[in-house]
Amino acid sequence: MAAWKKDQGLTSESMIEFLADTQSELTEKLGITITHPGPGSVLGAQTKRCKRSALFVDDGVIKVFNVSERPDDPAGDDDPSASCVEAMLAAIKAL
């Protein structure tokens, strides 16, 4: 995750954190496990996959939680806009 953060031009002092959920514990608690068979057939069904999402967490409280998915696009690959920066900033500004 540190390499991805660096690739995105963020420093270690950034307020943005990149977190891994290797055991899908948070994914399951948030209810964003992909259950559609499509992505598993491409990515491998041996591990649980998380829906494309973005969270704004302030002092341990989820303030914005956006998930990019549609019935025909369970991974949010065709239209990730709900979890992209523009949508997140708009939702944060609306708080």
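Source: prediction; values computed, not measured.
- Scanning all heavy atoms of the two residues, the minimum distance from N66 to A91 falls at ND2-CB, 4.4 Å.
- With hydrogens and angles disregarded, no donor-acceptor distance shorter than 3.5 Å links the side chain of T27 to the backbone of I32.
- Between D79 and R70, the closest heavy-atom pair is CB-NH1, 3.3 Å.
- Taking a 6.0 Å sphere around CD of Q8, one finds it holds more than 12 heavy atoms contributed by other residues, nucleotides or ligands.
- For the atom pair L89 CG and C84 SG, the distance stands at 11.0 Å (nearest 0.5 Å).
- Residues A82 and A87 approach most closely at O-CB, 3.5 Å, considering heavy atoms.
- D78 places no side-chain N or O within donor-acceptor distance of the main-chain N or O of D73, the cut-off being under 3.5 Å.
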Please tabulate, for side-chain N and O atoms in residues 51-61, each donor-acceptor pair with protein atoms closer than 3.5 Å (sequence neighbours left out).
residue : atom : partner : partner atom : Å
K51     : NZ   : E69     : OE1          : 3.2
K51     : NZ   : E69     : OE2          : 3.3
R52     : NE   : G76     : O            : 3.1
R52     : NH2  : D77     : OD1          : 2.3
S53     : OG   : K51     : O            : 3.4

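- Here the shortest heavy-atom pairing between P80 and S68 reads O-OG, 2.9 Å.
- Here M1 contributes atom CE and E17 contributes atom CD; the two are 10.0 Å apart, rounded to the nearest 0.5 Å.
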ask   = What do the steps show when you test V64 against M88 for side-chain contact (heavy atoms from CB on, under 4.5 Å), and what is the final call?
value = CA-CA 7 Å; V64 177; M88 289 300 294; 3.7 Å; yes
inquiry  = Using side-chain contact (heavy atoms from CB on, under 4.5 Å), reason through K5 and S14 one step at a time and then give a plain yes or no.
reply    = CA-CA 9 Å; K5 184 174 182 176; S14 171; 4.0 Å; yes
query = Going through the checks in order, is the side-chain contact (heavy atoms from CB on, under 4.5 Å) test met by L26 and L19?
reply = CA-CA 10 Å; L26 182 61; L19 304 172; 5.9 Å; no
